[in-house]
Each structure stands twice: as structure tokens, then as C-alpha cells.
Visitor: 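The structure's right below; bear with me while I get my questions together.
Only this structure's heavy atoms are used, side chains among them; waters, hydrogens and symmetry mates stay out.
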Amino acid sequence: MPPFTEMTVRNAKPRAKTYRLADERGMYLEISSSGGKYWRWKYRYDGREKRLALGVYPDVGLRAARDRRDEARRLLANGIDPGAQRRAPRRRPGSRPPPTILRQWRASGTPGFGLAGPNPMQKRS
């Protein structure tokens with residue numbers, strides 16, 4: 001099936017079950033039974049099949065979805081999992097993640113903010 005046009009996307013109607021319209025290079029439009037249209041990209045990383053959400057139509061048009069797919073393909077070509085990069089926490093330079101701060105506070109022995117009440121995991125004597 002050749003890649004589709006904006007008109008094809010606009011005219012896609014919901015059915016009883018969710019279905020997909022394939023575009024090219026693993027990208028497709030998923031049309032839900034409630035009428036939602038979702039851009040997705042199917043790819044393989046480390047031997048596993050994965051899917052990446054590219055946006056919701058009409059907020060993200062055909063051209064923008066293809067651009068997002070192409071950017072994700074560039075990441076994949078460089079050995080980076082696009083889905084994992086998206087989920088990675090975005091931190092400011094020099095900031096520390098909360099678990100590190102908590103570990104440092106516990107190690108310092110500084111009194112202060114603790115759990116209210118007894119530890120439920122500790123047995124009574």
C-alpha cells in the first residue's frame with residue numbers, strides 16, 4: 001500500500017474495533033472505535049519490537065508525524081532507543097535525583113523529617 005495523504009487521514013472513520021492504516025517505514029495511524037486517531041511508529045531495538053507514540057491527529061498532522069518518525073529513526077541509527085530516551089528524566093545540569101539526596105540524608109544521621117509513627121515492617125518486642 002502506498003503512503004497516504006492528509007485526505008486519507010481525514011477520511012478515516014472509526015469501526016467496531018481499533019484498526020491501523022499503514023504509512024511507510026513502520027509508521028501507521030491507529031483509529032480507535034471511539035474515533036481517536038493516533039500516530040504510532042513500530043520499530044525493533046535489541047531484538048524486541050517496540051512502539052512509539054508520535055502524537056494525536058489533528059494536533060499532529062501527517063507531515064509533523066513523519067518528521068517525528070524520521071528524528072526517532074536517526075536516534076535508532078545511532079544506537080539509541082527512542083522510547084527509552086523519551087522516558088529518561090530530564091534534569092538540569094548539576095541537579096541530583098531525589099533518591100541520591102535521600103540516601104545522603106540518611107547516611108548523614110541528621111535528625112529531621114522522618115516517617116510519622118512506628119515502622120510497620122519492624123516487629124514489636
Side-chain angles (χ1 to χ4, degrees):
M1 182 176 196
F4 45 78
T5 62
E6 190 77 35
M7 185 64 76
T8 310
V9 175
R10 199 174 312 130
N11 291 335
K13 303 294 180 207
R15 297 179 186 167
K17 287 185 167 184
T18 298
Y19 70 101
R20 298 173 180 175
L21 291 177
D23 185 39
E24 60 182 2
R25 297 184 182 133
M27 190 174 92
Y28 59 91
L29 182 67
E30 190 172 87
I31 298 103
S32 71
S33 57
S34 61
K37 298 177 183 180
Y38 306 94
W39 294 110
R40 307 245 191 251
W41 178 54
K42 191 175 355 179
Y43 66 100
R44 295 187 79 78
Y45 182 79
D46 200 23
R48 293 186 172 184
E49 185 175 291
K50 299 186 173 200
R51 293 188 326 159
L52 184 70
L54 301 173
V56 179
Y57 183 83
D59 297 336
V60 177
L62 178 59
R63 170 63 34 215
R66 285 178 176 164
D67 290 343
R68 290 179 183 189
R69 180 216 44 215
D70 292 340
E71 179 59 33
R73 280 176 56 91
R74 280 190 280 280
L75 290 172
L76 191 61
N78 290 327
I80 300 169
D81 180 6
Q85 177 159 0
R86 181 181 283 183
R87 289 186 305 271
R90 296 185 179 114
R91 294 183 292 164
R92 289 174 285 158
S95 67
R96 295 182 182 177
T100 305
I101 294 170
L102 181 60
R103 271 188 244 109
Q104 287 176 350
W105 173 74
R106 284 182 180 159
S108 71
T110 306
F113 302 100
L115 296 174
N119 183 348
M121 301 304 288
Q122 193 173 27
K123 289 187 175 183
R124 292 183 185 178
S125 349

Visitor: Per the side-chain contact (heavy atoms from CB on, under 4.5 Å) rule, which among Leu62, Asp70, Leu52 passes with Met27?
Guide: Leu62

Visitor: What is the distance from atom CG of Leu54 to atom CZ of Arg69, rounded to the nearest 0.5 Å?
Guide: 8.5 Å

Visitor: Can you tell me how far apart OG (Ser32) and OH (Tyr19) are? Round to the nearest 0.5 Å.
Guide: 10.0 Å

Visitor: Within this structure, what is the CZ-CG distance for the pair Phe4 and Asn11, rounded to the nearest 0.5 Å?
Guide: 12.0 Å

Visitor: Do you know which two heavy atoms are closest between Ala16 and Ser33, and how far apart they sit?
Guide: O-CB, 3.5 Å

Visitor: Do Arg74 and Glu71 sit within salt-bridge range, that is, some charged N less than 4.0 Å from a carboxylate O?
Guide: yes

Visitor: Side chains of Arg51 and Tyr28: any donor to acceptor distance under 3.5 Å?
Guide: yes

Visitor: Classify the angle between the aromatic ring planes of Tyr57 and Trp39 as parallel (below 30°), tilted (30 to 60°) or perpendicular (above 60°).
Guide: perpendicular

Visitor: When rounded to the nearest 0.5 angstrom, what distance separates NZ in Lys13 from CD1 in Ile31?
Guide: 10.5 Å

Visitor: Main chain of Asp81, side chain of Lys50: is a donor-acceptor contact present, judged purely on distance under 3.5 Å?
Guide: no

Visitor: Might you point out which heavy atoms bring Val60 and Ala65 nearest each other, and give the distance in Å?
Guide: CG1-N, 3.7 Å

Visitor: Taking Trp41 for the side chain and Arg25 for the main chain, is one N or O donor matched with an acceptor at less than 3.5 Å?
Guide: yes

Visitor: What are the two closest heavy atoms between Gly79 and Tyr45, and how far apart are they?
Guide: O-OH, 3.3 Å

Visitor: Check whether Arg86 reaches the backbone of Ala53 with its side chain - one donor and one acceptor, N or O, closer than 3.5 Å.
Guide: yes

Visitor: Look up atom CZ in Arg66 and atom CZ in Arg73, then write down how far apart they are to the nearest 0.5 Å.
Guide: 12.5 Å

